[in-house]
Q: 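This is the structure, below, for whatever I ask next.
All values derive from a computational prediction rather than experimental measurement.
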Amino acid sequence: MHRQGIQGLPYYLGIRSLAEVATADDRVVVLNIAGGESRQVTPTSHAFSGSNVVFGTSPGRAGQVLKTAAGDIPIYNNVREGLDAGHSFNTGVVYLPPSGVRDGVAELVRVNPRLRKIVIITEKIAVHDAREIRAMAQANGVDVIGGNCLGVADSWNRIRIGGALGGDHPEESLIKGSIAIFSNSGGFTTTIAQYLGTAGWGTTTLISSGKDLYIHYACPDFARAFAADDRSAAAVLYVEPGGYYEQDIEWTKPVVACVVGRWKSKLTRAVGHAGAMAGSGDRAEDKERWFMEAFGVESIFTPDNPEVSRKGAVVTNIADIPAALTAVMDLNAVGPDFAPRGNLALKPWLANDQGLRLPSEISLPLVTAPEPYAAQIATLGQQIGAVVARQMMKDKSGASVMDPGTQVTSVHGHDVLDLALQPLEACFALPLVHEIADRNDRALLDVAVASEVNLVGDPILVAADAAREAGNAPNAVMATAALIIGPKRVERTLACTRALIDLFALSGLKDGRDEAFDMSRIAIDPEVRALFLATDAEADDPRPEAMLRAIEARGGKSAFLKFLGTLDGRLSRDAILAAIATTISWGPLMRKRITRLTAETLPWYLRLYGVMVGATIPGEHHRPGSLRGIPRDERFGQWTMADLCFLAITGKKPSPEEALPLQILVGLLVSNGPGSISGQGAKGAVSADGPQTPGRVQINKAMAGFLTHCGYSHGGNGFEGMALLLDQFRDKGLKDPADPAHGIDLKAMATEFARAYRREKKAAKELGAELRALPGVHHPVFKGKPVNIDPRERFVADYMQQTGRYNVFHAFYRELVQALYEQGASPYVFCVNVDAVIAALLLALLWPDYQSGRLTDRDLETAAFTVFLYGRMIGSAAEIDDHLNRGRNMDTRTPASACGFVV
């Protein structure tokens with residue numbers, strides 16, 4: 001039949017009713033049936049539709065078949081071969097690439113006079129080709145649907161032609177009912193059908209019109225077929241901007257129109273559907289107005305503004321379609337097709353609140369998923385901790401990342417500027433639990449590390465002292481100690497940790513601090529119980545009881561320590577360390593923020609932390625029951641990590657005011673990502689051991705890898721800044737570096753130095769000699785602008801100003817970079833870098849002892865190097881753990897093809 005088109009021109013329209021769009025009598029041929037999309041979709045359509053595909057074409061594949069659950073579909077080189085083989089069809093489905101669609105349609109039309117319908121799945125067909133396709137189809141009495149569509153389907157006839165309407169299980173979505181669907185979006189066609197089903201509405205015919213620039217079967221054509229279909233009581237339209245297809249249509253039955261894409265009017269180029277670019281007068285807002293005028297409504301339907309008429313409603317959210325349709329049909333005295341099948345409220349199958357306290361309105365209860373998903377979720381629930389995919393990790397990290405804009409590094413989402421203001425214990429825990437430890441966990445960590453620092457009677461102390469006496473730098477001394485904490489040294493505490501995780505894994509315990517948890521169901525066999533109890537050889541070790549007293553004194557809570565307390569026996573130090581580590585890691589483990597491997601190895605890192613700090617204290621200060629004269633119970637029960645680190649560096653306990661600069665320095669130095677030399681050493685050690693068999697990886701050796709890749713240039717150069725400052729302030733009579741009323745003319749000092757440096761620079765240039773670098777000044781990353789800054793130094797400066805603190809050495813450095821520029825010794829204002837911050841803050845801490853002669857220049861150098869090592873020790877733990885979980889064996893190697901030889 002012919003209809004009147006634009007400007008009164010006639011055009012052919014063979015489909016008279018929606019019941020004719022997809023019928024049981026249709027026989028289908030698929031062009032490019034062996035293509036990637038067709039191979040996935042056609043077998044499902046063929047089986048669902050009762051074997052309606054007679055053959056397919058794919059040049060060069062003649063004689064092959066496409067296997068489906070309803071039988072094999074033969075493949076021919078072209079359509080003519082299929083017809084010559086005796087096959088007959090009236091419908092073609094086109095999966096060809098855009099450049100081949102016109103020729104494919106031409107072939108269908110030319111060789112098959114019985115052709116009546118073509119469904120074009122291909123998107124972005126050239127406009128010129130689309131015009132020719134239209135002309136050929138009109139001239140030969142063929143209806144075209146598409147392009148860029150997902151085909152058509154009929155829920156009454158149980159037929160699907162082309163595309164994937166209804167998904168992989170169309171029988172679940174294409175439910176017989178009274179609502180027709182016409183949609184510019186293929187995916188949303190299925191979604192709308194599913195949404196309607198929740199409110200009791202089934203479907204008749206579903207047409208994915210597509211949204212190429214040419215929509216061959218458009219809204220006016222649908223409206224005519226919809227009016228003639230006795231099965232369809234109402235229709236739902238999904239409409240995008242672009243084109244005038246929906247304007248001035250006379251709807252004879254109720255319609256709900258969902259108009260989307262207001263945001264697309266702000267774009268300057270097409271996105272998604274090629275034709276979804278709004279032009280002049282065909283924006284989403286314009287189409288909303290067309291429908292509101294057609295339906296006689298004044299506004300958009302929403303749950304809060306349910307405006308409808310007997311003719312229809314306009315929505316802008318597909319979730320509102322079922323309610324709008326029901327309201328419209330109520331006015332027409334028509335009820336749903338069947339009982340509602342649920343609702344569109346969120347029904348979460350999985351939840352992970354990451355330990356946050358969510359408001360009740362967003363803390364939704366879980367519902368049981370339908371099978372087979374429920375069984376899969378139950379299996380997932382048995383999984384303890386996160387699962388991380390392994391990959392090549394050379395020069396990569398999943399733990400630390402630098403923001404290219406600010407040049408500030410973050411570790412597990414926390415940037416070092418924030419970490420600088422956190423208690424030191426929080427920094428030490430972060431690399432391994434991926435969260436900032438709370439007060440309870442910090443107290444437990446303080447006790448755990450304190451119990452490892454005193455090395456009296458341990459061969460580690462002898463080895464560390466020997467390394468120190470041999471003239472080694474602090475990193476080599478620490479490496480000597482770390483290497484002795486091998487697998488056998490931690491074998492039992494790791495076994496205790498694994499046992500605790502096994503015992504509580506499926507118990508329902510969510511918070512390791514929950515001492516009220518019912519432990520009566522936790523069954524433990526004698527062999528595992530014996531693992532936690534002290535042996536006769538440990539009878540003289542006073543530390544287990546001291547650790548428990550300290551935890552109680554600090555108010556520490558641990559469900560695991562409480563459980564171990566029910567075992568009726570003396571606990572070993574290994575068991576207590578395991579319980580502390582499991583308490584700290586339990587929440588992140590249950591929230592799947594960390595892997596089980598990370599939780600199981602945490603005690604190894606805690607022991608290493610304590611031993612490495614302890615090794616920086618000379619052996620003469622390690623005594624039974626005391627460390628540098630500090631009694632065990634005092635250290636265990638009161639001291640923090642900052643106190644212990646300060647003690648190791650200075651030999652005394654700090655005041656809170658003295659501890660703060662150390663905390664800031666260590667926090668700023670935490671980052672030790674894959675680009676640093678020391679980070680590469682740590683990752684290389686893991687890579688060499690073989691992280692794909694994680695039980696073989698020696699974490700202590702990886703820590704030694706970090707330490708051996710530190711040196712006087714990378715790590716020890718903080719002292720060079722101190723040396724510069726000492727030269728400048730040695731005879732100035734400075735008493736208190738924190739007193740701004742020091743009476744010293746810093747600008748004059750800086751100017752004098754800058755002039756001398758400019759002369760030195762000129763002389764070096766004349767002699768062709770290398771100019772000495774100024775420590776703490778300049779940095780290759782922060783160059784090229786008139787005034788350079790290191791964000792870490794600027795952070796410290798701002799913090800000191802905000803809190804009313806002062807540091808004369810830092811102030812001098814800031815004067816120095818300005819003077820270098822003003823005196824022509826530098827082309828722009830250099831930055832004061834983090835090495836200068838280390839030098840300034842640390843020298844201020846140590847100045848009184850240095851002035852009194854208690855500390856020597858060598859002591860200052862050791863202190864500066866050691867502070868660097870403490871910070872990078874934390875960052876290295878993050879990289880070691882990350883590489884242990886993610887890395888592949890030997891993945892930090894450089895391929896031979898990328899290596900060079902220098903002649």
Q: Does His622 use its side chain to pair, donor to acceptor, with the backbone of Gly614 at less than 3.5 Å?
A: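 Checked: pair present.
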
Q: Would Asn454 and Arg628 count as a side-chain contact (heavy atoms from CB on, under 4.5 Å) if you check the C-alpha gap in whole Å, the side-chain angles of each, and the deciding distance to 0.1 Å?
A: CA-CA 9 Å; Asn454 192 340; Arg628 279 196 180 270; over 6 Å; no

Q: Stepwise, does the side-chain contact (heavy atoms from CB on, under 4.5 Å) test hold for Leu668 with Leu417?
A: CA-CA 6 Å; Leu668 291 176; Leu417 304 185; 3.8 Å; yes

Q: For a quick test of reading the model, state the closest non-hydrogen atom pair linking Ser678 to Cys710 and the distance between them.
A: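 Nearest heavy atoms, Ser678 then Cys710: CB-SG, 3.8 Å.
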
Q: Got a second to check how far Glu452's CD is from Asp458's CG, nearest 0.5 Å?
A: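 These two atoms lie 9.5 Å from each other.
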
Q: Can you pull the ring pair (Phe, Tyr, Trp, His ring centres under 6.0 Å) pairs that have at least one residue in residues 653-672, sequence neighbours excluded?
A: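 As it turns out, there is no ring pair (Phe, Tyr, Trp, His ring centres under 6.0 Å) pair with a partner in residues 653-672 once direct neighbours are skipped.
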
Q: Give a yes or no on whether Asp568 atom CG has more than 12 heavy-atom contacts from other residues, nucleotides or ligands under 6.0 Å away.
A: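 Atom CG in Asp568 is not crowded, with 12 or fewer foreign heavy atoms closer than 6.0 Å.
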
Q: Per the ring pair (Phe, Tyr, Trp, His ring centres under 6.0 Å) rule, what does the pair list look like for residues 658-705, sequence neighbours excluded?
A: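 Listed once each, the pairs would be none.
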
Q: How many angstroms lie between atom CZ of Arg888 and atom CE of Met393, to the nearest 0.5 angstrom?
A: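 CE of Met393 is found 11.5 Å from CZ of Arg888.
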
Q: Mark yes or no for whether Arg529, through its side chain, and Leu567, through its backbone, hold a donor-acceptor pair below 3.5 Å.
A: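 The answer is yes, because a donor-acceptor pair under 3.5 Å joins these two groups.
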
Q: Under the side-chain contact (heavy atoms from CB on, under 4.5 Å) rule, what do Leu660 and Tyr799 come out as? Steps first, then yes or no, please.
A: CA-CA 12 Å; Leu660 182 62; Tyr799 177 75; 3.6 Å; yes

Q: Below 4.5 Å, heavy atoms only, C-beta onward: do Val666 and Cys645 meet side chain to side chain?
A: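 No. Closest side-chain heavy atoms not under 4.5 Å.
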
Q: Sequence neighbours left out, cut at 3.5 Å: what donor-acceptor pairs do the side chains of residues 499-507 make with other protein atoms?
A:
{"unit_1": "Asp502", "atom_1": "OD1", "unit_2": "Arg596", "atom_2": "NH1", "d": "3.3"}
{"unit_1": "Asp502", "atom_1": "OD1", "unit_2": "Arg596", "atom_2": "NH2", "d": "2.4"}
{"unit_1": "Ser507", "atom_1": "OG", "unit_2": "Phe504", "atom_2": "O", "d": "2.8"}
{"unit_1": "Ser507", "atom_1": "OG", "unit_2": "Leu509", "atom_2": "N", "d": "3.3"}

Q: Are there over 12 heavy-atom neighbours, none belonging to Glu552, within less than 6.0 Å of that residue's CD?
A: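 For Glu552, atom CD is not crowded (no more than 12 foreign heavy atoms under 6.0 Å).
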
Q: Could you go through Thr640 and Asp446, starting from their C-alpha distance and side-chain angles, then the distance that decides it, and tell me whether this counts as side chain to side chain donor-acceptor pair (under 3.5 Å)?
A: CA-CA 5 Å; Thr640 66; Asp446 279 334; 5.3 Å; no

Q: If we count only N and O atoms by modelled type, under 3.5 Å, do the side chains of Ser572 and Asp574 hold a donor and an acceptor together?
A: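 The criterion, which ignores hydrogens and geometry beyond distance, is not satisfied for Asp574 and Ser572.
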
Q: Taking C-beta and beyond as the side chain, do Ile580 and Leu445 meet within less than 4.5 Å on heavy atoms?
A: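 No. Closest side-chain heavy atoms not under 4.5 Å.
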
Q: Between Arg632 and Arg543, is there a side-chain heavy-atom distance shorter than 4.5 Å?
A: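 In contact.
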
Q: Do side-chain atoms of Ser687 reach the backbone of Thr892 as a donor and acceptor pair under 3.5 angstrom?
A: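 Looks like yes, one N/O pair under 3.5 Å.
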
Q: Return the CD1 to CG distance between Ile584 and Leu606, rounded to the nearest 0.5 Å.
A: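 One gets 6.0 Å once the value is rounded to the nearest 0.5 Å.
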
Q: Quick one: does Ser451's side chain have a donor or acceptor within less than 3.5 Å of a partner on Ala448's backbone?
A: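 Checking the backbone N and O of Ala448 against the side chain of Ser451, a donor-acceptor pair under 3.5 Å is found.
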
Q: Measure the CZ-NZ distance between Arg591 and Lys510 for me, rounded to the nearest 0.5 Å.
A: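 Nearest 0.5 Å value for the CZ-NZ distance: 10.5 Å.
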
Q: Between Pro603 and Thr497, what is the shortest heavy-atom contact and its length?
A: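 The answer is CG-OG1, 3.1 Å.
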
Q: So which atom in Pro459 and which in Ile484 form the shortest heavy-atom distance, rounded to 0.1 Å?
A: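 Residues Pro459 and Ile484, closest heavy atoms: O-CD1, 4.4 Å.
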
Q: Is a side-chain N or O of Thr493 found less than 3.5 angstrom from the main chain of Val490, in a donor-acceptor match?
A: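 Checking the backbone N and O of Val490 against the side chain of Thr493, no donor-acceptor pair under 3.5 Å is found.
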
Q: Quick check: closest heavy atoms across Met612 and Phe706, and the distance to 0.1 Å?
A: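 In terms of heavy atoms, the two residues are closest at CE-CE2, 4.3 Å.
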
Q: Can you check whether Ser558's main-chain N or O pairs, donor with acceptor, with Glu515's side chain at less than 3.5 Å?
A: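 Between the backbone of Ser558 and the side chain of Glu515 there is a qualifying donor-acceptor contact (under 3.5 Å).
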
Q: If only atom types and distance count, is the side chain of Glu425 paired as donor or acceptor with the main-chain N or O of Ala437 below 3.5 Å?
A: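 A pair under 3.5 Å: no.
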
Q: Taking the side chain as everything from C-beta on, heavy atoms only, tell me whether Trp586 gets closer than 4.5 Å to Val433.
A: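 Trp586 vs Val433: side chains apart.
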
Q: Pairing donors with acceptors under 3.5 angstrom, does anything connect the side chains of Glu538 and Thr535?
A: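 Yes - a donor-acceptor pair under 3.5 Å links their side chains.
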
Q: Using side-chain heavy atoms (C-beta onward) and a distance below 4.5 Å, is Leu669 in contact with Val867?
A: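 Yes, at least one pair of side-chain atoms sits under 4.5 Å.
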
Q: Using a strict 4.0 Å threshold on nitrogen-to-oxygen distance, state whether Glu658 and Lys653 make a salt bridge.
A: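 Result for this pair is no, no salt bridge flagged.
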
Q: Does Thr601 use its side chain to pair, donor to acceptor, with the backbone of Leu597 at less than 3.5 Å?
A: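 Flag set: sc Thr601 to bb Leu597 pair under 3.5 Å.
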
Q: With a 4.5 Å cut-off on side-chain heavy atoms, are Met402 and Val408 touching?
A: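 No, every pair of side-chain atoms sits at 4.5 Å or beyond.
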
Q: Is the shortest side-chain heavy-atom distance between Thr616 and Ile649 below 4.5 Å?
A: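 They are not in contact (no side-chain heavy atoms under 4.5 Å apart), so the answer is no.
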
Q: Check the side chains of Glu879 and Ser397 for a donor-acceptor pair under 3.5 angstrom, ignoring hydrogens and angles.
A: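 Per modelled atom types, Ser397 and Glu879 side chains form a pair under 3.5 Å.
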
Q: Check whether Asn475 reaches the backbone of Thr708 with its side chain - one donor and one acceptor, N or O, closer than 3.5 Å.
A: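 Side chain of Asn475 to backbone of Thr708: no pair is present.
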
Q: Assess the residue pair Gln383 and Val387 against the criterion (side-chain contact (heavy atoms from CB on, under 4.5 Å)); give the C-alpha distance rounded to whole Å, side-chain angles, the decisive distance to 0.1 Å, and a yes or no.
A: CA-CA 9 Å; Gln383 172 196 310; Val387 174; 3.3 Å; yes

Q: Assess the side chains of Thr598 and Asn885: does a donor N or O sit below 3.5 Å from an acceptor N or O?
A: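 There is such a pair between these side chains.
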
Q: Can you see which heavy atom on Ala702 is nearest to which on Val686, and at what distance?
A: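 For Ala702 and Val686, the tightest heavy-atom pair comes out as CB-CG2, 3.7 Å.
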
Q: Under the 3.5 angstrom rule, does the side chain of His709 hit a backbone N or O of Gly705 as a donor-acceptor pair?
A: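 Yes, the answer is positive, given that a donor and an acceptor are paired below the 3.5 Å cut-off.
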
Q: Quick one: closest heavy-atom pair of Asp689 and Lys701, and the distance?
A: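 The answer is OD1-NZ, 2.8 Å.
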
Q: So, applying side chain to side chain donor-acceptor pair (under 3.5 Å) with Asp891, which one of Lys396, His883, Arg390, Gln692 is it?
A: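 When Lys396, His883, Arg390, Gln692 are each tested with Asp891, the side chain to side chain donor-acceptor pair (under 3.5 Å) holds only for His883.
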
Q: Mind checking whether Asp441 and Thr583 have side chains closer than 4.5 Å, heavy atoms only?
A: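 SC-SC contact between Asp441 and Thr583 confirmed.
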
Q: In terms of heavy-atom contacts, does CD of Glu371 have more than 12 from other residues, nucleotides or ligands at under 6.0 Å?
A: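 Check passes, neighbour count above 12.
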
Q: Do other residues, nucleotides or ligands put more than 12 heavy atoms under 6.0 Å from Asp168 CG?
A: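 Count not over threshold, so no.
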
Q: First locate atom CD1 of Ile551, then atom CD1 of Ile576, and finally report the distance between them rounded to the nearest 0.5 Å.
A: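 It comes to 6.5 Å.
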
Q: Roughly how far apart are Ser626 OG and Arg635 CZ, rounded to 0.5 Å?
A: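 One finds 7.0 Å between OG of Ser626 and CZ of Arg635.
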
